[in-house]
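The structure under discussion appears below in the form of structure tokens.
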Amino acid sequence: MRRIGVLTSGGDAPGMNAAIRAVVRKSIYHGLEVIGFRRGYHGLIYGDYTKLELGSVADIIHRGGTILRTARSPEFMQPEGRKQAVEVIKASGIDGLIIIGGDGSLHGAVELEKLGVRTAGVPGTIDNDIACTDYTIGFDTAVNNVIDAINKVRDTATSHERVYVIEVMGRSAGYIALMAGVAGGAESILVPEIDYDLQEVVERMHRGVKRGKLHSIILVAEGASSAMEVAEVIKEETKMDVRVTILGHLQRGGTPTAFDRMLASRLGAAAVDLLRSGSHGRMVGLVGKEIISTIYEQALQQEKPFPEELYRLATILAI
Ligand code: F6P
């Protein structure tokens with residue numbers, strides 16, 4: 001192995017830069033050359049790449065986003081696009097490719113493997129919806145961004161004695177809502193993984209008002225419902241003063257937390273080691289305290305277990 005490539009694909013996630021840095025520095029440490037493809041699979045198709053040196057990744061560990069840029073490439077979904085990407089890969093002289101991204105990006109890696117390209121996957125998405133790793137890069141920062149927002153909303157919610165319905169990202173997963181809801185002390189958390197009854201939410205609010213609560217925070221995962229719809233029902237049922245906050249892409253930006261920087265550094269380095277060892281077609285991940293690797297199929301087909309006991313605890317604590 002002489003030369004490897006790296007790209008970031010799909011929605012960006014804080015910590016991706018730390019992962020790129022780890023890939024580059026670990027590779028160079030072992031005498032390998034590294035090239036970075038820009039805008040994910042788009043860069044593979046159009047041969048948009050640059051050589052990455054030690055200095056190329058200086059001063060980025062603390063930055064959100066990705067210096068390689070990212071994209072969701074419709075062309076790569078087509079066989080012709082993938083064929084073109086393989087031509088570029090051959091011409092670029094790389095012996096392996098590290099793909100940092102979420103579910104869609106890892107599916108792309110599976111397609112490249114079918115065409116004979118050696119790849120290693122690094123899970124990077126704020127959604128934390130990938131199995132075979134306890135955490136994905138960016139999730140912890142996103143949760144902290146949401147908690148920061150809840151803290152701020154709480155101040156004004158208390159002053160005005162209002163109900164706030166806050167909608168958070170996560171695509172079809174409720175991890176961000178659950179973790180931020182527990183850590184932020186939300187009164188109710190609505191996630192797609194668990195059936196909910198808005199009447200129960202309303203009753204909990206009535207109980208809260210009776211015991212002198214000044215506000216209510218309801219956290220809605222985008223995959224469970226829309227904050228607007230939930231707010232309409234609550235307004236109708238309680239006649240309380242209800243406001244909606246949709247956090248949107250604020251959740252995906254900002255300086256990565258120490259946890260995400262650590263995770264990204266470890267996973268990026270592990271992906272290099274995986275390729276160096278002659279292995280490929282696998283995703284690296286963190287399970288417990290250990291860095292492990294799993295074949296893509298397992299990581300993509302297996303349902304990530306949702307921590308239902310944590311959800312129950314959240315309900316108890318918001319009694
Ligand atoms: O997958 C990351 C994510 O931020 C999801 O939580 C969200 O549903 C989606 O991407 C938003 O995508 P876009 O940035 O294309 O609007």
Side-chain angles (χ1 to χ4, degrees), residues 7-20 38-43 63-77 99-110 121-150 165-181 184 186 189-193 219-230 244-257 259-260 263-264 267 283 285 296 299-300 303-304 306:
L7 61 81
T8 49
S9 161
D12 65 346
M16 278 184 164
N17 278 331
I20 297 168
R38 295 190 193 88
R39 299 184 187 83
Y41 291 113
H42 184 92
R63 291 183 205 278
T66 158
I67 57 161
L68 289 176
R69 311 285 175 254
T70 186
R72 295 190 173 100
S73 168
E75 283 146 298
F76 191 77
M77 308 265 190
I99 293 160
I100 306 169
D103 183 80
S105 312
L106 295 174
H107 274 104
V110 172
V122 175
T125 163
I126 63 165
D127 301 336
N128 201 32
D129 58 350
I130 298 176
C132 305
T133 184
D134 293 348
Y135 297 102
T136 56
I137 296 168
F139 170 66
D140 186 64
T141 307
V143 168
N144 278 284
N145 285 341
V146 174
I147 290 169
D148 189 41
I150 294 176
V165 183
I166 303 179
E167 184 177 309
V168 300
M169 279 186 169
R171 207 179 285 276
S172 49
Y175 295 95
I176 296 178
L178 176 61
M179 303 296 164
I189 306 168
L190 308 186
V191 294
E193 291 86 349
L219 219 51
V220 181
E222 64 175 345
S225 184
S226 98
M228 288 291 187
E229 280 174 30
V230 172
V244 167
T245 301
I246 299 172
L247 293 180
H249 292 82
L250 282 175
Q251 293 160 89
R252 231 163 64 185
T255 186
T257 58
F259 181 87
D260 271 330
L263 179 68
L267 293 183
M283 182 196 85
Y296 290 138
L300 292 170
E303 271 291 297
K304 186 165 184 150
F306 192 74

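Atoms within a ligand are numbered from 1 in the order they appear, just like the ligands themselves. A quick note: this is a predicted structure, and the numbers were derived from the prediction, not measured.
In this structure, H249 has a heavy atom closer than 4.0 Å to ligand 1.
Within the 4.5 Å cutoff, no side-chain heavy atoms of I99 are placed close to those of V122. For the pair V168 and V220, the minimum side-chain heavy-atom distance is 4.5 Å or more. Looking at I130 and L106, their side chains come closer than 4.5 Å, going by heavy atoms from C-beta outward.
Ring pair Y135/F259: centre-to-centre distance below 6.0 Å.
With respect to atom 2 (C) of ligand 1, the closest heavy atom belonging to the protein is D127 OD2, 3.3 Å. Protein heavy atom closest to atom 11 (C) of ligand 1, with residue, atom name and distance, is R252 NH1, 3.6 Å. In this structure, the protein non-hydrogen atom closest to atom 15 (O) of ligand 1 is R72 NH1, 2.6 Å. Summary of contacts: the protein heavy atom closest to atom 9 (C) of ligand 1 is R171 NH2, 3.7 Å.
Atom numbering of ligand 1 starts at 1 in the shown order; those under 4.0 Å from a heavy atom of G170 are 6 (O). Ligand 1 places these atoms under 4.0 Å from at least one heavy atom of E222: 5 (C), 6 (O), 7 (C), 8 (O).
Looking at I126 against ligand 1, only its side chain comes within 4.0 Å, counting heavy atoms.
In terms of heavy-atom proximity, D134 sits nearest to K304 at O-NZ, 3.3 Å.
Side-chain atoms of T141 and D260 form a donor-acceptor pair, as typed in the model, at a separation below 3.5 Å.
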